[in-house]
Amino acid sequence: MSIEYENKNEWWSIELNKNGVLVNNLFILRTERKISQKELAYQVGVSRQTIASIEANRYNPSLILAFEISAFFNKEIYEVFQYKL
């Protein structure tokens, strides 16, 4: 799959690799702050099971949830979530 973008002043194209995976540092960030999955879930408005699934890389959060989690830890989104090829 590729994406192309054309503007009056620029043009670019990128190839998207569907084999990438979204990984995260949630477990590390949580243990540094000494908070439970349940507490993090409460703070960002999801279930504890959602946090557990995100930590285990079984579930990819919505973009909004990813930003909310990052904001909770006072981190930029790329410091919490990384896309690995």
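Under a hydrophobic clustering in which Ile, Leu, Val, Met, Phe, Trp and Tyr are joined whenever their side-chain heavy atoms come within less than 4.5 Å, directly or via other members, Val23 and Ile51 fall into different clusters. Hydrophobic clustering of Ile, Leu, Val, Met, Phe, Trp and Tyr side chains at less than 4.5 Å, counting indirect connections, keeps Ile77 apart from Tyr83.
Annotation: the span from Gln49 atom CD to Arg58 atom CZ amounts to 10.5 Å, rounded to 0.5 Å. In this structure, CD1 in Ile35 is found 9.0 Å from CG in Leu29, a value given to the nearest 0.5 Å. To the nearest 0.5 Å, atom CZ of residue Phe81 and atom CG of residue Asn57 are 9.5 Å apart. Interatomic distance, Ile69 CD1 to Arg30 CZ, rounded to the nearest 0.5 Å: 11.0 Å. Here the straight-line distance linking atom CG of Leu63 with atom CD of Glu68 works out to 10.0 Å at 0.5 Å rounding. To the nearest 0.5 angstrom, Arg33 atom CZ is 7.0 Å from Asn74 atom CG.
When all heavy atoms of Val80 and Lys75 are compared, the closest pair comes out as CG2-CB, 3.8 Å. Heavy-atom minimum distance, Leu22 versus Pro61: CD2-CD, 4.0 Å. Contact between Leu26 and Glu55 at its shortest, heavy atoms only, is CB-CG, 3.6 Å.
Counting non-hydrogen atoms of other residues, nucleotides and ligands closer than 6.0 Å to CZ of Phe73 gives a total above 12.
One N or O on the side chain of Glu79 and one on the backbone of Glu76 form a donor-acceptor pair closer than 3.5 Å.
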(request) Start with the C-alpha distance between Val46 and Ile54, add both sets of side-chain angles, then the distance that settles side-chain contact (heavy atoms from CB on, under 4.5 Å), and finish with yes or no. (result) CA-CA 11 Å; Val46 297; Ile54 294 170; 5.9 Å; no
(request) Kindly determine whether Arg48 and Tyr42 satisfy side-chain contact (heavy atoms from CB on, under 4.5 Å), including the steps that lead there. (result) CA-CA 8 Å; Arg48 184 206 56 81; Tyr42 175 78; over 6 Å; no
